[in-house]
Amino acid sequence: MPKNSIEVTVKKVVDANAIDVVTAKGRTVRIGLLEAESPDRGQCWNEEALKRLKELLPDGKRAYLRTVKPLPFDDGRYLVYVWSRSGDFVNRDLVAKGYAQASPFGRKYAYTESILRAQSKAQDTRLGIWSEACGEAAQRPLVVDLHVPQDSASVRQGGGTLVMPEIRGTDRPRSPERYIRGANPFEPAQPQHGAPAASATQPSGSGVDPRFRTCAEAIRYGYGDYRRGIDPEYDWYRHADGDGVACER
């Protein structure tokens, strides 16, 4: 499991793109797979994707999450990276087997490149949604060619920014259109292990993170990244590299 992963209990796999989990505080939260989107109900390969998701995440068993910020999406899900109780990286597993397509956001997160490479292999071997194994009457999912160059350096530019590969076709991936800033249900209600409390200038429910003394301290408690012109927390910290991102994890 990755460091700082969050343990939850799987309550129910709702469909191929939504799972209900129970947090340590007993709250039920609906999550989706960040950067991995399976065919919708009624579409070709939906049933196979749902079956695989249930195999990886059985009801009542543990799962492990890693979140990014901002987190909530406007359909009620929280988009996260998910690992099964046996250590399978669920997001990449479904993409690698052709049960989901990569759904990048135009910005590199921790596993973006790994998921894109998994899709390239699935496309090359025509697995799942990339095959022609759909009946005449089946509704085909929207799939978009997102091949990634073999040389990892060719998909990077200065500062490690991911350059999205060329999309061949007229439609872009059905990525979520926007995130909603708000409370993260996976964070503790009170600071833990001596974490500083939020500044008095940060009203409860404002969606603004606690203010720490340094970026290193913020990162230690699971906060960051902060982008210039987007996140108000950006102005609180020193960032000498000038890349427009403070407290980058």
Side-chain angles (χ1 to χ4, degrees), residues 1-6 10 13 15-19 31-40 43-58 63-68 71 73 77-134 140-157 160-169 171-176 249:
M1 307 302 172
K3 292 182 179 179
N4 302 320
S5 60
I6 301 163
V10 178
V13 175
D15 60 38
N17 288 297
I19 309 108
I31 63 171
L33 302 180
L34 178 65
E35 299 185 316
E37 183 177 6
S38 294
D40 293 326
Q43 291 181 327
C44 187
W45 291 102
N46 167 266
E47 293 184 4
E48 291 83 353
L50 179 60
K51 179 181 178 182
R52 179 56 180 166
L53 193 57
K54 288 181 175 181
E55 290 173 353
L56 292 168
L57 301 173
Y64 299 86
L65 313 182
R66 184 174 176 185
T67 67
V68 297
L71 181 71
F73 178 50
R77 293 177 300 159
Y78 288 78
L79 301 181
V80 296
Y81 292 125
V82 185
W83 281 260
S84 72
R85 57 178 174 161
S86 56
D88 299 291
F89 182 18
V90 177
N91 309 53
R92 186 172 58 202
D93 182 281
L94 265 65
V95 171
K97 290 179 170 57
Y99 297 143
Q101 65 175 321
S103 184
F105 294 89
R107 177 183 180 209
K108 183 187 176 188
Y109 290 116
Y111 300 96
T112 301
E113 189 171 324
S114 174
I115 289 173
L116 286 170
R117 289 187 178 283
Q119 174 157 298
S120 284
K121 292 180 181 179
Q123 289 174 309
D124 289 341
T125 52
R126 298 185 178 276
L127 294 178
I129 61 176
W130 308 105
S131 71
E132 298 300 324
C134 283
R140 298 185 63 87
L142 169 65
V143 293
V144 181
D145 195 354
L146 279 172
H147 271 287
V148 181
Q150 292 301 308
D151 179 10
S152 62
S154 64
V155 295
R156 296 177 182 268
Q157 286 183 343
T161 302
L162 182 73
V163 180
M164 298 312 300
E166 176 186 2
I167 296 178
R168 295 189 283 274
D171 293 307
R172 294 191 62 83
R174 293 175 295 167
S175 298
R249 291 193 286 178

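To the nearest 0.5 Å, atom CG of residue Leu116 and atom CD of residue Glu35 are 7.0 Å apart. Distance check: Asn46 CG to Ser38 OG gives 7.5 Å after rounding to the nearest 0.5 Å. Between the CD1 atom in Ile115 and the OG atom in Ser103 there is a gap of 9.5 Å [rounded to 0.5 Å]. Atoms CG and OG1, from Asn4 and Thr67 in turn, are 9.5 Å apart once rounded to the nearest 0.5 Å. The line from CG of Leu65 to CD1 of Ile31 is 5.0 Å long, rounded to the nearest 0.5 Å.
Ser5 pairs by the side chain to side chain donor-acceptor pair (under 3.5 Å) definition with nothing, not counting sequence neighbours. With sequence neighbours excluded, the residues forming a side chain to side chain contact (heavy atoms under 4.5 Å, CB included) with Ala18 are Val14, Asp15, Arg30, Arg77, listed by chain and number. By the side chain to side chain donor-acceptor pair (under 3.5 Å) test, Tyr99 pairs with no residue at all, sequence neighbours left out. Looking at residues two or more places apart in sequence or on another chain, you find a side chain to side chain donor-acceptor pair (under 3.5 Å) between Glu55 and Arg52. Residues satisfying the ring pair (Phe, Tyr, Trp, His ring centres under 6.0 Å) test with Tyr111, not counting sequence neighbours, are Tyr81, Trp83, Phe89. The side chain to side chain donor-acceptor pair (under 3.5 Å) check on Lys97 picks up Asp93, with sequence neighbours excluded.
In summary, of the residues considered (Leu53, Val95, Val80), a side-chain contact (heavy atoms from CB on, under 4.5 Å) with Val90 occurs for Leu53 alone.
When atom types are taken as modelled, the side chain of Asn17 and the backbone of Glu37 share no donor-acceptor pair closer than 3.5 angstrom. In this structure, the side chain of Asn91 engages the main chain of Val82 through a donor-acceptor pair within 3.5 Å. A donor-acceptor contact shorter than 3.5 Å links the side chain of Gln119 to the backbone of Ala102.
Minimum heavy-atom separation, Ala122 to Gly98: CB-N, 4.3 Å. Ala96 approaches Leu127 most closely through the heavy-atom pair O-CD1, 3.4 Å. Nearest heavy atoms, Trp45 versus Gly128: NE1-O, 3.0 Å. The minimum heavy-atom distance linking Val10 with Pro58 is given by the pair CB-O, 3.5 Å.
Listed by first and then second residue, the salt bridge (Lys or Arg N to Asp or Glu O under 4.0 Å) pairs involving residues 78-88 amount to none (not counting sequence neighbours).
A salt bridge links Arg117 to Glu113: one of the charged nitrogens lies within less than 4.0 Å of a carboxylate oxygen.
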#### Entry: Trace of the side chain to side chain contact (heavy atoms under 4.5 Å, CB included) decision for Leu94 with Leu56
CA-CA 10 Å; Leu94 265 65; Leu56 292 168; 3.7 Å; yes
